[in-house]
S.K.: 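Got a structure for you, written out below as structure tokens; questions coming shortly.
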Amino acid sequence: MSTVDSHLAGVPGSPRFAARWLDLREPADAAARAAELLGPLRGYLEHVRRPGEVPAFCDLGCGTGSMGRWLAARLGGPQRWIMCDRDPALLARVGARMPRRSADGGRIEVTTEGRDITRLSSGDLAGMSLVCGSALLDLLTEDEVHRLVSACAEAACPVLWALSVVGEVVLEPAESLDAEFAAAFNAHQRRSEGGRRLLGPDAVDVAAAAFEGHGARVLTRSSPWRLGAGQAGLAEQWLLGWVAAACAQRPALARFSERYVGRRLVQCRSGALRVTVGHRDLLALPCSSHSVPL
């Protein structure tokens, strides 16, 4: 097995995300998320909150809980978090790592639920003050996104979905093979598996249009990873997974991959490689929010 092949499982492009990969990417995720969407979100939450109410926040596909950790510490007041994932091994890591106090010292309660988020209904989300998720949408099909959007809209939940890939990768210094690997990777993100065709880079546009169809106010913002010398470990693992997924989609690229990866790893380890990976964050506020000043 080649170095590239050995990194296909548990890294970008694979449906199985290892906890070590999620931990490695957490600082880059935190730096990339579009913090400017928090102002409109806070404005909405403050407007609809009832006196004495403890808002309930649901993190879908929470993994090890990085989205919840990032957001809970940036919102004020007491909070109740429901962390949902279908992987019990990941859920076992969540509770002890969530903050216990919010931005203004409010108490944070955390519970975990093992469930398939593609089967959620509006009833499952009833009473939620916010539904959120990170690096989630691009792993779903168009039908799954529409069902999830409908469930959130019918439950009148605001939604913040962060870090969906958009198919844009820039490596510096550039090489002629970059575009071929990028195109193959994007095709891999849109692949069909087990009768499911994943949305990959198209996910944010599909979700935004679906929310707008329900009358929601939708805001999207760019949230790219910018990886340099200070993130060399993440850049290296991302590179190996990116190339492995591209080769899985287009096997003819394998004959170029070892030399390509070898050159890129030398650059990465010397601090010479810069990588920008495009993502987009989406905030959708219920149709009732049109009267809310944000």
Side-chain angles (χ1 to χ4, degrees), residues 25 28-49 55-62 66-77 79 81 84 102-103 117 120 122 125 127-140 142 144-168 189 199-226 276-294:
R25 65 175 288 170
D29 286 351
R33 290 190 184 99
E36 59 266 37
L37 293 177
L38 296 183
L41 175 61
R42 290 189 190 102
Y44 174 81
L45 293 176
E46 289 170 4
H47 185 83
V48 301
R49 184 176 175 181
F57 302 149
C58 184
D59 186 350
L60 301 181
C62 66
S66 68
M67 180 67 174
R69 285 190 289 277
W70 181 83
L71 189 54
R74 287 165 173 79
L75 298 177
Q79 303 168 21
W81 280 84
C84 298
S102 68
I117 66 170
L120 291 175
S122 58
L125 300 176
M128 292 296 108
S129 303
L130 173 69
V131 172
C132 66
S134 189
L136 169 67
L137 289 182
D138 42 84
L139 300 175
L140 303 178
E142 185 169 6
E144 289 165 352
V145 167
H146 276 280
R147 285 199 298 271
L148 194 51
V149 167
S150 293
C152 294
E154 290 166 11
C157 299
V159 173
L160 179 62
W161 282 328
L163 297 171
S164 296
V165 298
V166 293
E168 300 168 359
Q189 294 291 89
L199 278 174
D202 306 317
V204 172
D205 288 342
V206 169
F211 274 118
E212 288 169 348
H214 284 276
R217 298 169 72 176
V218 178
L219 299 172
T220 66
R221 295 291 185 272
S222 179
S223 53
W225 275 356
R226 302 188 190 278
T276 302
V277 182
H279 301 102
R280 201 149 186 86
D281 292 4
L282 177 151
L283 174 66
L285 302 176
C287 56
S288 60
S289 70
H290 287 276
S291 62
V292 178
L294 302 178

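Numbers here are sequence positions counted from 1. All values below come from the heavy atoms of this structure, side chains included, with hydrogens, waters and symmetry mates left out.
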S.K.: What closest approach, in Å, do Leu41 and Leu130 show between heavy atoms, and which atom pair accounts for it?
M.R.: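 Minimum heavy-atom contact is CD1-CD1, 3.9 Å.
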S.K.: Please walk me through it: do Leu136 and Leu60 pass side-chain contact (heavy atoms from CB on, under 4.5 Å)?
M.R.: CA-CA 8 Å; Leu136 169 67; Leu60 301 181; 4.2 Å; yes
S.K.: Ignoring hydrogens and angles, tell me if any N or O in the side chain of Ser223 forms a donor-acceptor pair with the backbone of Ala34 under 3.5 Å.
M.R.: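 Such a contact is absent between Ser223 side chain and Ala34 backbone.
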S.K.: Can you measure from CG (Asp281) to CG (Leu283) and round to the nearest 0.5 angstrom?
M.R.: 9.5 Å
S.K.: Applying salt bridge (charged side-chain N to carboxylate O under 4.0 Å, His left out), name anything that partners Arg69, two or more places apart in sequence or on another chain.
M.R.: Glu26
S.K.: Roughly how far, to the nearest 0.5 Å, is the CG atom of Leu38 from the CG atom of Leu71?
M.R.: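 So the CG of Leu71 and the CG of Leu38 are separated by 6.5 Å.
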S.K.: Applying salt bridge (charged side-chain N to carboxylate O under 4.0 Å, His left out), name anything that partners Asp202, two or more places apart in sequence or on another chain.
M.R.: Arg190
S.K.: About how many Å separate CZ of Phe211 and CG of Leu285, when rounded to the nearest 0.5 Å?
M.R.: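 Here the interatomic distance stands at 9.5 Å.
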S.K.: Please collect all salt bridge (Lys or Arg N to Asp or Glu O under 4.0 Å) contacts where either partner lies in residues 144-159, sequence neighbours excluded, each pair once.
M.R.: Glu144-Arg196
S.K.: In chain order, what residues pass the side chain to side chain donor-acceptor pair (under 3.5 Å) check against Thr220, with sequence neighbours excluded?
M.R.: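 Arg280.
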S.K.: Using the test side chain to side chain contact (heavy atoms under 4.5 Å, CB included), find all partners of Glu168 that sit at least two apart in sequence or belong to another chain.
M.R.: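 For Glu168, the residues satisfying side chain to side chain contact (heavy atoms under 4.5 Å, CB included) (neighbours in sequence not counted) are Val166.
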S.K.: Can you name the closest pair of heavy atoms from Tyr44 and Pro286 and give their distance?
M.R.: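 So the two residues come closest at OH-CG, 3.4 Å.
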S.K.: Roughly how far, to the nearest 0.5 Å, is the SG atom of Cys84 from the CG atom of Leu120?
M.R.: 6.5 Å
S.K.: One pair to check against side-chain contact (heavy atoms from CB on, under 4.5 Å): Ser222 and His279. What are the steps and the verdict?
M.R.: CA-CA 6 Å; Ser222 179; His279 301 102; over 6 Å; no
S.K.: Might you point out which heavy atoms bring Arg42 and Arg74 nearest each other, and give the distance in Å?
M.R.: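 Nearest pair, atom of Arg42 first, then Arg74: NH2-O, 2.9 Å.
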S.K.: If you compare all heavy atoms of Trp81 against all heavy atoms of Cys132, which two are closest, and at what distance to 0.1 Å?
M.R.: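 In terms of heavy atoms, the two residues are closest at CZ3-SG, 3.7 Å.
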S.K.: Ser102: which residues meet the side chain to side chain contact (heavy atoms under 4.5 Å, CB included) condition with it, sequence neighbours left out?
M.R.: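 Expected list: Gln79, Asp104, Ile108.
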S.K.: Can you list everything that forms a side chain to side chain contact (heavy atoms under 4.5 Å, CB included) with Glu212? Sequence neighbours excluded, please.
M.R.: Val218
S.K.: Please enumerate all residues that pass side chain to side chain donor-acceptor pair (under 3.5 Å) together with His146, with sequence neighbours excluded.
M.R.: none
S.K.: Return the set of residues passing side chain to side chain contact (heavy atoms under 4.5 Å, CB included) with Arg226 (not counting sequence neighbours), or none when no residue passes.
M.R.: Pro224, Thr276
S.K.: Ignoring hydrogens, what is the shortest heavy-atom contact between Ala73 and Ala103? Give both atom names and the distance.
M.R.: O-CB, 3.4 Å
S.K.: To the nearest 0.5 Å, how far apart are CG in Leu282 and CG in Leu219?
M.R.: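 Here the rounded value is 8.5 Å.
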S.K.: So which heavy atom on Ala135 is nearest to which on Leu139, and how close?
M.R.: O-CD1, 3.8 Å
S.K.: Ser150 versus His214: any side-chain heavy-atom pair under 4.5 Å?
M.R.: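 They are in contact (side-chain heavy atoms under 4.5 Å apart), so the answer is yes.
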S.K.: One pair to check against side-chain contact (heavy atoms from CB on, under 4.5 Å): Val131 and Leu148. What are the steps and the verdict?
M.R.: CA-CA 10 Å; Val131 172; Leu148 194 51; 6.0 Å; no
S.K.: With a cut-off of 3.5 Å and sequence neighbours excluded, list every side-chain donor-acceptor pair involving residues 158-165.
M.R.:
none

S.K.: For Arg33, check side chain to side chain donor-acceptor pair (under 3.5 Å) against everything at least two apart and list the hits.
M.R.: Ser66, Ser134
S.K.: Atom CZ in Arg49, atom OG in Ser129: separation rounded to 0.5 Å?
M.R.: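 Reported to 0.5 Å precision, the distance equals 8.5 Å.
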S.K.: Going by salt bridge (charged side-chain N to carboxylate O under 4.0 Å, His left out), name the residues that satisfy it together with Asp138, two or more places apart in sequence or in a different chain.
M.R.: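 Once residues adjacent in sequence are excluded, Asp138 has no partner under the salt bridge (charged side-chain N to carboxylate O under 4.0 Å, His left out) criterion.
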